[in-house]
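Computation of the quantities below employed the complete heavy-atom set of this structure, encompassing side-chain atoms and omitting hydrogens, waters and symmetry-equivalent molecules. Quick caveat: nothing in here was measured; it's all calculated off a predicted structure. Here is how names work: the chains are called A, B, and so on, in the same order as the sequence lines, proteins then strands, and each is numbered from 1.
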Amino acid sequence: MEKAYEAKKIEDQIYQTWEKSGFFNPDKLPGKRTKSFTISMPPPNATGTLHVGHAMMLAIQDLLIRYQRMLGKKALWLPGTDHAAIATHAKVERLVLEKENKTRQELGRVEFVKRIEEFVNQSRGTIKSQVRKMGSSCDWSREKYTLDPELSLAVRTQFTKMYNDGLIYRGYRIVNWCPRCHSTLADDEVEYQEEQGKLYWLKYGPFVLATARPETKLGDTAVAVYPTDRRYKSMVGKKYKIPGVLGEFEVVVVADKAVDPKFGSGAIKVTPAHSFIDYEIAQRHHLPFKQIINEEGRMMENCGKYAGLTTREAREAIVADMKNLGLIDHIEDGYDHNLAVCYRCGSLIEPLPSEQWFIDVNKKFKIQNSKLKGIKSGQLISLKELMQKTVKSGQIEIIPERFNKVYFHWIDNLRDWCISRQIWFGHPIPAWYRQRTANSEPRTAKDIYVGVEAPKGDGWEQDPDTLDTWFSSGLWTFSTLGWPKKTKDLDFYHPTTVMETGYDILFFWVARMILMTTYALGDIPFETVYLHGLVRDEKNRKMSKSLGNVIDPLEVINKYGTDALRLSYLIGITPGQDLKLYDEKFVGARNFVNKLWNISRYILESNKAIKPALSPSALLRTDSIERQETRSELQTLADRWILSRLNKTIVQVTGDLDNYDFSAAGERLREFTWGDLADWYLEISKVENGKGEILTQILRTILKLWHPFMPFVTEEIWSKLNGKSGGLLMIENWPVADKKLFSEAAEKDFDLIREIITTIRNLRAENQVAPAKKIKLIIVAGGAEKLVQDQSHLIKFLARVEELELVKKAGKIKTAATAVVNGVEIYLPLADLIDLDKEKIRLVGEVQNLEEYLAGLRNKLANNNFLTKAPAELVQEAKDKAIETEEKIKKLKEQLGVLR
RNA sequence: GGGCGGUUAGCUCAGCUGGUUAGAGCGUCUCGUUUACACCGAGAAGGUCAGAGGUUCGAAUCCUCUACCGCCCACCA
């Protein structure tokens with residue numbers, strides 16, 4: 001074995017071995033497995049590259065999958081990629097413009113989509129190889145892409161079903177429009193940026209009113225006031241002629257509670273076509289619409305001389321003209337407000353009226369085949385209620401719990417979901433319209449056909465729009481398993497067990513999956529939602545290219561190894577809490593990986609030296625630690641102690657992992673591995689001989705326990721341990737604790753010995769006794785005399801003591817450094833080595849410290865309320881501590897007396 | 001405007017349903033070439049648990065308020 005672990009040399013090869021073994025496919029796993037454990041991998045964008053967020057989700061999910069696989073379940077981790085309609089569309093649009101100097105319109109739809117597909121095909125492999133780099137043990141044989149024919153069929157099937165149930169409808173409504181993407185956006189795809197703008201106070205007929213968007217005046221059809229506002233009460237219902245830059249126009253005054261009487265003058269202009277609030281007011285009062293901004297974000301023909309200007313340009317021009325006409329009362333600077341921008345491209349969103357497809361979240365329908373808690377088949381229920389009830393009933397559990405609140409609040413405010421997009425890349429909407437002549441009648445229901453396949457006969461043309469990416473993503477947990485076909489996979493692996501993803505896509509995706517799955521299957525998509533935090537840099541900033549603080553996981557892998565990167569994501573984190581990443585973390589993790597490597601190296605090599613006869617096959621047969629119990633090797637206290645600790649660690653780690661607390665699991669394991677095993681037991685094995693087999697057993701166990709965290713190094717060590725024919729660690733059984741090896745007595749005794757050793761080391765260090773210097777030690781052990789006697793070889797070896805003298809009572813040792821641990825008195829006669837004054841000061845300090853502690857205890861014990869109200873065992877504990885502390889003080893004082 | 005999270009050692013964070021002389025890792029200091037590891041070992045220093053009230057025999061932990069940092073939602077036109 002190399003002196004230091006070199007991840008780079010072996011990782012790719014190990015991954016290939018795993019992949020070739022076929023065990024990523026749960027159906028190929030050995031043994032009888034009856035239970036499923038399924039994770040649907042949140043599909044990265046097909047054209048993306050691995051970033052810190054992906055790396056985190058892969059680390060967590062692979063840990064869960066490897067753990068469950070070892071537990072004996074059919075562990076399926078289904079990978080795939082997403083076509084990410086808008087993102088990919090925008091990327092290729094830019095590329096085409098750069099390379100061919102053409103817009104997509106100039107290129108034409110067919111050619112443009114071809115360009116996208118070429119781009120996707122050529123860059124799709126990148127992310128997949130990077131997912132492999134992380135060590136992800138996902139089943140590539142089941143890999144899916146959201147635009148695969150089967151998944152497209154699922155999309156069309158779902159759409160048709162929902163349309164037939166009346167849950168999908170076509171409506172003319174105001175929508176979020178991104179002029180850059182040339183498409184609608186769902187409400188949650190809109191982000192807000194703060195901007196310092198101006199508030200324009202307009203002279204508006206009989207009103208003076210404030211607006212941030214004076215250019216929309218061209219589309220005004222009303223003025224709204226708060227119903228009880230005295231200033232305007234008499235005007236409600238009346239019509240007024242308003243002078244404007246394009247001549248007079250008429251508005252009606254309406255009363256509506258949506259108006260805040262404290263804002264501006266209490267009267268607002270209503271532009272139903274270009275504001276959500278105004279749209280809603282207009283709906284309530286049956287006000288006319290006047291669209292003045294088109295889909296390019298420019299003023300329309302009906303805006304006279306302003307036609308063709310962008311809204312920003314139009315604002316300036318109109319304000320200038322209004323000033324000339326004396327229509328501006330005044331302009332207020334420094335008005336902060338939020339700008340709606342596209343979450344993909346950052347362009348300004350224009351609210352526009354448009355005919356689009358929507359999912360009705362409030363309409364009740366008859367649910368079929370319900371497997372949902374408290375919901376019967378045939379019951380009338382809305383999608384919104386489904387989303388609420390599945391979580392409220394506890395059938396779906398969200399970790400951490402506090403996101404329940406966030407989730408419910410989002411649903412409460414949910415409006416109908418606009419699902420049509422005017423981009424060319426994506427799932428075509430399975431709706432066809434009867435072709436009409438220019439002057440045929442308005443379109444009726446008869447002229448629309450919705451179905452899984454195109455309608456038969458001529459004269460139909462398909463809706464040119466595509467579906468929101470999240471529509472197909474919403475089907476992900478079951479479309480990837482074969483739905484709408486009734487497949488074995490769907491039957492066995494669905495509902496999936498855990499959905500592990502970032503809290504940032506709780507709405508985008510998690511909620512949509514719940515909606516889509518409960519509707520389609522009458523079942524939940526997953527039992528548990530585990531939400532991880534977002535990755536930040538060391539200054540708690542988001543990682544972004546413009547800040548230059550992006551960490552590339554592949555560089556980290558290259559520098560420190562995949563296992564180190566994974567550990568950095570798994571230990572020291574809390575679910576739902578953002579996590580900071582920086583170099584020191586990777587270094588620490590890499591150091592631990594190397595520590596494990598060297599622990600193994602020591603065990604393997606000392607094993608070779610001590611017991612050359614021990615063949616790999618012999619080792620394989622010793623899988624049960626229980627069998628060791630009767631062997632001579634198990635006779636020492638240290639053996640009983642380490643096995644007790646090991647078996648308790650198994651129980652704790654298993655419990656932690658079952659609770660999704662892998663951070664705690666990792667910390668416990670590290671404590672055992674580095675603290676107990678490496679720092680103590682391995683050192684002891686240098687003085688207590690013949691620990692070959694027991695060490696090997698421990699190593700085998702911790703390799704298994706660590707494997708889900710750091711699969712590469714553990715698999716590599718495993719292969720060295722067992723030779724080529726030894727099989728893969730990946731499919732070993734998860735360790736089961738042997739409770740017969742728990743030993744409170746061994747742990748208590750060993751702790752005392754350990755404390756004695758630590759105390760001696762401390763005394764040596766404080767008195768600056770060179771480590772190489774062998775010293776004499778006098779111990780008054782009291783009741784622990786036999787224990788100390790039996791373990792004196794450990795004390796001598798680990799504390800570098802040459803001679804240990806056990807006495808009944810300490811004589812007057814003038815030149816000794818002294819300490820008391822658990823009633824055991826320790827004297828180091830250091831003669832000329834010791835600085836007596838310093839030692840006195842040290843002892844006085846310690847006595848003082850103890851006296852303060854004792855005072856606290858006595859105080860407590862003098863409190864009658866404590867004695868009567870606190871649990872008896874706590875009172876007893878306090879009493880014991882007080883006695884022990886008194887004893888200790890007494891002994892230290894005696895020694896102080898001797899020194900004086 | 002509504003909601004959520006954070007505030008514990010120099011840094012990053014654990015501390016669950018109240019009882020530990022408040023923990024870990026990193027960093028710092030001292031010492032160390034003991035043949036697994038200097039990507040290491042031994043030892044140490046370092047915290048009035050953001051602040052103020054309250055509940056309790058007992059609060060980092062529960063309640064109220066305040067401050068600061070961060071996030072989400074709604075959106076005022």
Is there a side-chain polar atom (N or O) of [X] under 4.0 Å from OP1 or OP2 of [N]?
X        : N      : value
A:Lys580 : B:rC13 : yes
A:Asn849 : B:rU21 : no
A:Lys881 : B:rU21 : yes
A:Trp674 : B:rG25 : no
A:Arg761 : B:rG43 : yes
A:Arg601 : B:rC37 : yes
A:Lys405 : B:rC4  : yes

Between [atom2] of [N] and [atom1] of [X], the distance in whole Å:
X        : N      : atom1 : atom2 : answer
A:Trp680 : B:rU34 : CH2   : C1'   : 15 Å
A:Tyr226 : B:rC76 : OH    : P     : 16 Å
A:Ile757 : B:rG43 : CD1   : C1'   : 15 Å

Fit a plane to each ring of A:Trp201 and A:His330, take the angle between them on a 0 to 90° scale, and name the class: parallel (under 30°), tilted (30 to 60°) or perpendicular (over 60°). parallel
Should the pair A:Trp597 and A:Tyr5 be assigned to parallel (<30°), tilted (30 to 60°) or perpendicular (>60°) ring geometry? tilted
Once you apply a heavy-atom cut-off of 4.0 Å, does A:Ala664 come out as touching a base, just sugar-phosphate, or nothing? nothing
Given the options A:Leu579, A:Leu570, A:Leu581, A:Met56 meets side chain to side chain contact (heavy atoms under 4.5 Å, CB included) only with A:Leu579
Per the side chain to side chain contact (heavy atoms under 4.5 Å, CB included) rule, which among A:Val319, A:Ile318, A:Ile292, A:Thr271 passes with A:Glu215? A:Ile318
Separation between the P atoms of B:rU21 and B:rU66, rounded to whole Å: 35 Å
Expressed in whole Å, how much space separates the C1' atoms belonging to B:rA9 and B:rC4? 28 Å
Checking A:Lys686 against A:Tyr602: charged group under 6.0 Å from the ring centre and within 45 degrees of the axis? yes
For a stem of at least 3 consecutive Watson-Crick or G-U pairs with distances under 3.5 Å, i pairing with j, i+1 with j-1 and so on, which stems involve RNA chain B? B:1-7 with B:67-73, B:10-13 with B:23-26, B:28-32 with B:40-44, B:50-54 with B:62-66
Test side chain to side chain donor-acceptor pair (under 3.5 Å) on A:Thr211 and A:Lys217; report intermediate values, then the result. CA-CA 9 Å; A:Thr211 179; A:Lys217 184 177 173 186; over 6 Å; no
